Trainee: 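Have a look at the structure that comes next, please.
Note that these values count all heavy atoms, side chains included, but never hydrogens, waters or copies made by symmetry. As the structure lists them, so they are numbered: ligands from 1, and atoms in each ligand from 1. Note that the structure is predicted; figures quoted are calculated from it, not measured.
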Amino acid sequence: MSQDILNLWLHDEHVGEVERLRSGRPRLRFAAEARARWGDGARVLSYSLPLGPKRIDGPAIETYLENLLPEGALRAQLERQNGVRPGDAFGLLRHIGYECAGAVQLTPESAPPTGHLKPLPDDEVIGLVEDLPTLSAPEGEAITASLGGVQSKLLLTRTEAGWAWPAAGAPSTHIIKPEPIEPSAPIPRIVEFEHWSLELARAAGVPGAKSTLERFGDRLAIVVERYDRARGDRLHQEDFAQALGIRPLEKYESSYEEPGRLRRVAIGPGLESADPGLFRDALLRLVTFNLIIGNGDAHAKNYSLLLRDGLFSIAPAYDVAPVFYVNPRFSDFGMSVAGQRGLRHITLDHLMREAASWGMSEDGARTEIRNVATSVQSALVEVEVPEFVAPVAEQVRAAAARFAG
Ligand SMILES: Nc1ncnc2c1ncn2[C@@H]1O[C@H](COP(=O)(O)OP(=O)(O)O)[C@@H](O)[C@H]1O
Ligand SMILES: [Mg+2]
């Protein structure tokens, strides 16, 4: 087992290996079997990394690996726990690449990891959640899973017998994010807002991750079902940052990018989908929902694509919350909509122009936007609005009316 090779598995198949060069930089080589099976040019791993004979060393592979990892303080904590130099993505993935977003796994071993589930008594689960933001593993186990994002979270597997720890590459099924304990949290009750937003999305016909609110000892948490796991299988996904080759630190679009990121998705992976028209409709519906709900955190790592046999579709909504309506400081939409990123300024007209730039007809775009807006209006009646959410729901209602036109 070399210190400097990580095997790359996709759906348990060997698709390539990442080597750490003497310079410290990673280099990806696709496996001959994967190239023979899928053909050169196939984007089965990532839109930004088509299969091919050439070794890839440079920003494309560096950025892809960075985007598999947690960000900020979470990443720093995992680096410390594993004795990995800050910023060494390859080194950290050696420890935590066994379970990632989608169907990809990175391991130093030369056989695909199968892993095992370790049943967890309730008090142990409570302990793990209560420890957060300190990341810990049950006695005798290690953290071997990696997901993007900055909120501290726990990845567990729900079995008929209760929660289990997915060890050494066993698939997790749920993401548990407790309400942060920092007294200066910019959005108090964020997990409740997130749960309400996901319920609202689904009630409005916008596909969204399924969630519940659950108490673990003295911590309230949102428990989100992984849409990239199904009965023990992994479905592949990547976030927009991976698809477009954007580093995590650049996840918020800058004002002067041309073409804009949404357009790049619509005319990139969007054209490599089973039905590009439906892909654009789904993208527009999700963007419309995020605008209406005041999601001032809808950056390139909070949208994902599902990949199946080289064909792309829009993943369900996740990590959505009306942060702009709770704290107006969160006014950056994260993505440019016809050149505008400020949530105070993006209008129906911007959204129509953005959709036109993807090749959508005026009527088609109008229909999708209006449909989401009116569905949100009805969903606001159907979904229970907790008292503390009421002022926010009022702002959502007003935005829905604006986008309904
Ligand atoms: N329901 C889900 N199913 C599958 N993957 C998810 C789901 N929710 C989030 N993810 C993945 O996990 C990452 C982190 O989750 P997220 O809720 O965005 O955390 P954070 O609040 O820290 O940004 C996401 O960027 C996405 O890749
Ligand atoms: Mg996120």
Trainee: Give yes or no for whether the N/O distance cutoff of 3.5 Å, strictly under, is met between Gln151 and ligand 1.
Mentor: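 Yes: some nitrogen or oxygen of Gln151 is under 3.5 Å from one in ligand 1.
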
Trainee: Nearest protein heavy-atom contact for atom 5 (N) of ligand 1: which residue, which atom, what distance?
Mentor: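 The protein heavy atom lying closest is Gln237 NE2, 3.0 Å.
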
Trainee: State if Ile175 counts as touching ligand 1 under the rule of any non-hydrogen atom under 4.0 Å.
Mentor: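 Ile175 counts as a contact of ligand 1 under the 4.0 Å cut-off.
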
Trainee: Considering only NZ, NE, NH1 and NH2 on the basic side and carboxylate oxygens on the acidic side, decide whether Arg85 and Glu79 come within less than 4.0 Å.
Mentor: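 Salt bridge absent between Arg85 and Glu79.
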
Trainee: Check ligand 1 against Ala209 and write out every atom of the ligand that is under 4.0 Å from a heavy-atom position of the residue.
Mentor: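 Contacts of ligand 1 toward Ala209, numbered from 1: 1 (N).
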
Trainee: Under 3.5 Å between any N/O of Tyr227 and any N/O of ligand 1: does that happen in this structure?
Mentor: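 Yes.
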
Trainee: Identify the two heavy atoms, one from Ser48 and one from Gln242, that lie closest to each other, and give their separation to 0.1 Å.
Mentor: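 For Ser48 and Gln242, the tightest heavy-atom pair comes out as OG-O, 2.8 Å.
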
Trainee: Please state whether Glu71 comes within less than 4.0 angstrom of ligand 1, counting heavy atoms only.
Mentor: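 No, that is not the case, since the closest heavy atom of the residue is not under 4.0 Å from the ligand.
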
Trainee: Is it the side chain, the backbone, both or neither of Asn302 that has a heavy atom closer than 4.0 Å to ligand 1?
Mentor: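 Asn302 to ligand 1: side-chain contact only, backbone stays beyond 4.0 Å.
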
Trainee: May I ask you to identify the nearest protein heavy atom to atom 21 (O) of ligand 1, giving residue, atom name and distance to one decimal place in Å?
Mentor: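 For this ligand atom, the closest protein heavy atom is Lys177 NZ, 2.8 Å.
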
Trainee: Considering heavy atoms of the protein only, find what lies nearest to atom 24 (C) of ligand 1 and give residue, atom and distance to 0.1 Å.
Mentor: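 Sorting protein heavy atoms by distance from atom 24 (C) of ligand 1 puts Tyr318 CE1, 3.4 Å first.
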
Trainee: Applying a strict 4.0 Å limit to heavy atoms, is Glu225 in contact with ligand 1?
Mentor: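 The answer is yes, since Glu225 has a heavy atom less than 4.0 Å from ligand 1.
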
Trainee: Output yes when Glu225 and Arg158 qualify as a salt bridge under the 4.0 Å nitrogen-oxygen rule, no when they do not.
Mentor: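 Salt bridge between Glu225 and Arg158, a charged N being under 4.0 Å from a carboxylate O: no.
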
Trainee: What protein heavy atom sits nearest atom 18 (O) of ligand 1, and how far away is it?
Mentor: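 Going by distance alone, atom 18 (O) of ligand 1 is nearest to Asp319 OD2, 2.9 Å.
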
Trainee: Fit a plane to each ring of Phe240 and Tyr303, take the angle between them on a 0 to 90° scale, and name the class: parallel (under 30°), tilted (30 to 60°) or perpendicular (over 60°).
Mentor: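 Judged by the thresholds at 30° and 60°, the geometry between Phe240 and Tyr303 is parallel.
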
Trainee: Does Arg43 qualify as a cation-pi partner of Tyr47, given the criterion of NZ or CZ under 6.0 Å from the six-membered ring centre and within 45 degrees of its axis?
Mentor: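 Cation-pi check for Arg43 and Tyr47: passes.
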
Trainee: Can you tell me if an N/O/S atom from Asn302 lies under 2.8 Å from the Mg ion (ligand 2)?
Mentor: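 Here the distance criterion (N, O or S atom, under 2.8 Å) is met by Asn302, so yes.
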
Trainee: State the atoms of ligand 1, each with its element, that fall below the 4.0 Å cut-off from a heavy-atom position in Val224.
Mentor: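 Close to Val224: 1 (N).
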
Trainee: Using a strict cut-off of less than 4.0 Å between a Lys/Arg side-chain nitrogen and an Asp/Glu carboxylate oxygen, indicate whether Arg219 and Glu179 qualify as a salt bridge.
Mentor: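 No, this pair does not count.
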
Trainee: Check for a donor-acceptor pair, side chain of His11 on one end and backbone N or O of Glu13 on the other, with a separation under 3.5 Å.
Mentor: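 Checking the backbone N and O of Glu13 against the side chain of His11, no donor-acceptor pair under 3.5 Å is found.
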
Trainee: Is the backbone N or O of Arg261 less than 3.5 Å from a side-chain atom of Glu253, with the two atoms forming a donor-acceptor pair by type?
Mentor: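 Looks like yes, one N/O pair under 3.5 Å.
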
Trainee: State whether Glu250 and Arg247 are salt-bridged, where the test is any N-O pair (Lys NZ or Arg NE/NH1/NH2 against Asp/Glu carboxylate O) under 4.0 Å.
Mentor: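 A salt bridge is absent here (no side-chain N lies under 4.0 Å from a carboxylate O).
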
Trainee: Check whether Phe388 forms a cation-pi arrangement with Arg189 (NZ or CZ under 6.0 Å from the six-membered ring centre, at most 45° off the ring normal).
Mentor: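 Pair Arg189/Phe388 counts as cation-pi.
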
Trainee: Need the ligand 1 atom indices (1-based, order shown) with element for anything under 4.0 Å from a heavy-atom of Gly149.
Mentor: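 Within the 4.0 Å cut-off of Gly149, ligand 1 contributes 20 (P), 22 (O), 23 (O).
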
Trainee: Say whether Lys153 and ligand 1 are in contact under the criterion: heavy-atom distance to a ligand atom below 4.0 Å.
Mentor: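 True for this residue.
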
Trainee: Using a strict threshold of under 4.0 Å (side-chain N to carboxylate O), is an ion pair present between Asp281 and Arg285?
Mentor: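 So Arg285 does not pair with Asp281 through a salt bridge.
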
Trainee: Write out the residue and atom name of the closest protein heavy atom to atom 12 (O) of ligand 1, then the distance separating them to 0.1 Å.
Mentor: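 In this structure, atom 12 (O) of ligand 1 has Leu147 CD1, 3.3 Å as its nearest protein heavy atom.
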
Trainee: Report whether any nitrogen, oxygen or sulfur of Asp297 sits less than 2.8 Å from the Mg ion (ligand 2) (N, O or S, backbone or side chain).
Mentor: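 Checking Asp297: none of its N, O or S atoms is under 2.8 Å.
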
Trainee: Is it true that Glu368 and Arg280 have a side-chain N and a carboxylate O under 4.0 angstrom from each other?
Mentor: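 Looking at Arg280 together with Glu368, the answer is no, because their closest N to O distance does not fall below 4.0 Å.
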
Trainee: Do Glu99 and Arg226 meet the salt-bridge criterion of a basic N to acidic O distance under 4.0 Å?
Mentor: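 Glu99 and Arg226: salt-bridged.
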
Trainee: Can you find an N/O atom of Val150 closer than 3.5 Å to an N/O atom of ligand 1?
Mentor: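 Yes, at least one N or O pair falls under 3.5 Å.
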
Trainee: What's the shortest distance from atom 4 (C) of ligand 1 to any protein heavy atom, and which residue and atom give it?
Mentor: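 In this structure, atom 4 (C) of ligand 1 has Asp228 OD1, 3.2 Å as its nearest protein heavy atom.
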
Trainee: Report the nearest protein non-hydrogen atom to atom 13 (C) of ligand 1: residue, atom name, distance rounded to 0.1 Å.
Mentor: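 In this structure, atom 13 (C) of ligand 1 has Gly148 O, 3.6 Å as its nearest protein heavy atom.
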
Trainee: At what distance is the nearest protein heavy atom to atom 25 (O) of ligand 1, and which residue and atom is it?
Mentor: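 Of every protein heavy atom, Lys301 O, 3.1 Å lies nearest to atom 25 (O) of ligand 1.
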
Trainee: Checking one value in my table: which N/O/S atom of Asp319 lies closest to the Mg ion (ligand 2)?
Mentor: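 The nearest such atom is OD2.
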
